Amino acid sequence: MGSPSIFSLRGRKILVTGAAGHLGRALCEYFVSDGATVFAVDLNEKGLASLELELKPAEGSFFAFAADLSDEEQRSGLVEQVASQTESLDGAVFAAAFVGSSDLAGWAVDFAHQSVSTWRKALELNLTAPFHLTQLLGPLFSRGHGPSIVNIGSIYGSIGPDWSLYEGLDMSNPAAYAASKGGLIQLTRWLASTLAPGIRVNMVSPGGISRGQDATFVERYSHKTPLARMATEHDIVGQVVYLLSGAASYVTGQNITIDGGITAI
């Protein structure tokens, strides 16, 4: 019998926010297939139900929780529900976020019309929720095995947008998205320093992920990228698995950029 893989997540208990989203689904699919127990969180109850149906997980390996993580009370309630199902967590992936294509008033519009109320909503979900959930989940992490937190960021937390990519298209790059993801990079570093050595905290920052965008945008973005294409969800999954696994046991406070080389230019 061969040695177990250092990348294996078998037997680990992992919480995933934004679980019904594109990336969240791909992560949950992989985690369950690799033998992990998943605690899936999303505002979209139908999405969670379809995910569970799609996965057909073994009993006791998948738990779904509907919660609006932009609401402080619901975050607290969520953690109470999770704690009723498990005494420990070995990992968490904070993927829930308002993204560039989210349908919010005063969001994906020109700068002059981006609203302060939407700015606040975005920072609450994209930045405050990972901070608060990390606090609340502390007791569960303290009883976990080599606990690891992975924040999902974006290259736009580190660079400004190239507006030529969006010219003439009904697409945008909201300021609050960039600001929240930039703040998440520093929160990751701060938490990594503060929670060590008990908990590792890292971040992955994807570039553009192909999700049926306008063909003109896809062509422009691919032309600008050294690897000549947009990312897929599965390009991101591997890095998250690495950071959650024993293979990254000496890695904390890092932000891994997954962008096909676009920020190298």
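Values in this document were obtained by computation on a predicted structure and should not be read as measured data.
- Looking at Gln74, its side chain does come within 3.5 Å of a backbone N or O of Asp68 through a donor-acceptor pair.
- Remark: Leu53 CG to Leu48 CG distance equals 12.5 Å, nearest 0.5 Å.
- In this structure, Gln85 places its CD atom where more than 12 heavy-atom neighbours from other residues, nucleotides or ligands lie under 6.0 Å away.
- Nearest heavy-atom pair, Ser88 versus Arg143, reported as atom, atom and distance to 0.1 Å: CB-O, 3.3 Å.
- Just one of Glu233, Glu52, Glu54 meets the salt bridge (charged side-chain N to carboxylate O under 4.0 Å, His left out) condition when paired with Arg25; it is Glu54.
- Within 6.0 Å of CG in Asp170 there are 12 or fewer heavy atoms belonging to other residues, nucleotides or ligands.
- Between Asp235 and Arg229 the shortest side-chain heavy-atom distance falls below 4.5 Å.
- Judged by distance alone, with hydrogens and angles left aside, the side-chain atoms of Asp42 form a donor-acceptor pair with the main-chain N or O of Ala20 at under 3.5 Å.
- Residues Met203 and Ile258 do not share a hydrophobic cluster, clusters being chains of Ile/Leu/Val/Met/Phe/Trp/Tyr side chains in contact below 4.5 Å.
- The aromatic rings of Phe63 and Phe65 sit parallel to each other, their planes meeting at less than 30°, with 60° as the upper class boundary.
- Expressed to the nearest 0.5 Å, how far CD1 of Ile262 lies from CG of Leu227 amounts to 10.5 Å.
- Annotation for Val38 and Cys28: closest pair CG1-SG, 3.8 Å, computed over non-hydrogen atoms.
- For the pair Asn126 (side chain) and Ala97 (backbone), a donor-acceptor distance under 3.5 Å is absent.
- Under the 3.5 Å distance criterion, with hydrogens and angles disregarded, no donor-acceptor pair is assigned to the side chains of Ser8 and Ser5.
- Once rounded to the nearest 0.5 Å, the distance linking OG1 of Thr128 with CG of Leu184 reads 10.5 Å.
- Ala95 approaches Thr17 most closely through the heavy-atom pair N-OG1, 2.9 Å.
- In this structure, the side chain of Thr194 does not engage the main chain of Leu191 through any donor-acceptor pair within 3.5 Å.
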Exercise for review: Output, in order, the C-alpha distance, side-chain angles, deciding distance and verdict of side chain to side chain contact (heavy atoms under 4.5 Å, CB included) for Leu43 and Leu69.
Suggested key: CA-CA 8 Å; Leu43 179 62; Leu69 296 179; over 6 Å; no

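- Note: Asn173 CG to Trp163 CH2 = 5.0 Å, rounded to the nearest 0.5 Å.
- Using a 4.5 Å cut-off between side-chain heavy atoms of Ile, Leu, Val, Met, Phe, Trp and Tyr, with links allowed through other members, Val41 and Phe62 fall into different hydrophobic clusters.
- When all heavy atoms of Gly260 and Thr225 are compared, the closest pair comes out as O-CG2, 3.3 Å.
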Exercise for review: May I have the step-by-step check of side chain to side chain contact (heavy atoms under 4.5 Å, CB included) for Phe94 and Thr134, ending in yes or no?
Suggested key: CA-CA 10 Å; Phe94 296 135; Thr134 300; 3.4 Å; yes

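- No donor-acceptor distance shorter than 3.5 angstrom exists from the side chain of Trp107 to the backbone of Ser115, with no hydrogens or angles considered.
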Exercise for review: Carefully, step by step, assess Gln114 and Val109 under the rule side chain to side chain contact (heavy atoms under 4.5 Å, CB included).
Suggested key: CA-CA 6 Å; Gln114 292 179 27; Val109 294; 3.9 Å; yes

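- The line from NZ of Lys13 to CD of Glu87 is 7.0 Å long, rounded to the nearest 0.5 Å.
- Between the side chain of Asp90 and the main chain of Pro147, no donor-acceptor pair closer than 3.5 Å is present.
- Taken together through direct or relayed side-chain contacts under 4.5 Å among Ile, Leu, Val, Met, Phe, Trp and Tyr, Phe31 and Tyr242 form part of one hydrophobic cluster.
- When atom types are taken as modelled, the side chain of Asp34 and the backbone of Leu9 share a donor-acceptor pair closer than 3.5 angstrom.
- For the side chain to side chain contact (heavy atoms under 4.5 Å, CB included) with Leu137, the lone residue among Ile199, Leu89, Ile149, Leu78 that qualifies is Leu89.
- The backbone N or O of Glu219 sits nowhere less than 3.5 Å from a side-chain atom of Ser222 that would complete a donor-acceptor pair.
- Taking a 6.0 Å sphere around CD of Glu167, one finds it holds 12 or fewer heavy atoms contributed by other residues, nucleotides or ligands.
- At a threshold of 4.5 Å between side-chain heavy atoms, the hydrophobic network of Ile, Leu, Val, Met, Phe, Trp and Tyr places Val241 and Val16 in one connected group.
- Pairing each heavy atom of Ile185 with each of Gly157, the nearest pair is CD1-O, 3.7 Å.
- Heavy-atom minimum distance, Gln239 versus Val204: CB-CG1, 4.1 Å.
- In this structure, Gln135 places its CD atom where more than 12 heavy-atom neighbours from other residues, nucleotides or ligands lie under 6.0 Å away.
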Practice item. Check the pair Ile152, Val240 against side chain to side chain contact (heavy atoms under 4.5 Å, CB included), reporting the backbone distance first and the verdict last. Key: CA-CA 9 Å; Ile152 303 299; Val240 176; 4.1 Å; yes

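- Note on Leu136 and Leu127: same hydrophobic cluster, where clusters join Ile, Leu, Val, Met, Phe, Trp and Tyr whose side-chain heavy atoms are under 4.5 Å apart, directly or indirectly.
- No donor-acceptor pair under 3.5 Å is formed between the side chain of Ser210 and the backbone N or O of Met230.
- For the side-chain hydrogen bond (donor to acceptor under 3.5 Å, both in side chains) test with Ser205, the passing option among Asn255, Asn151, Thr188, Thr257 is Asn255; the others fail.
- Formation of a donor-acceptor pair under 3.5 Å by the Arg200 side chain with backbone atoms of Val251 is found in this model.
- The distance from atom CG of Leu165 to atom OG1 of Thr216, rounded to the nearest 0.5 Å, is 11.5 Å.
- Within 6.0 Å of atom OH in Tyr166, more than 12 heavy atoms from other residues, nucleotides or ligands are found, so the atom counts as buried in its surroundings.
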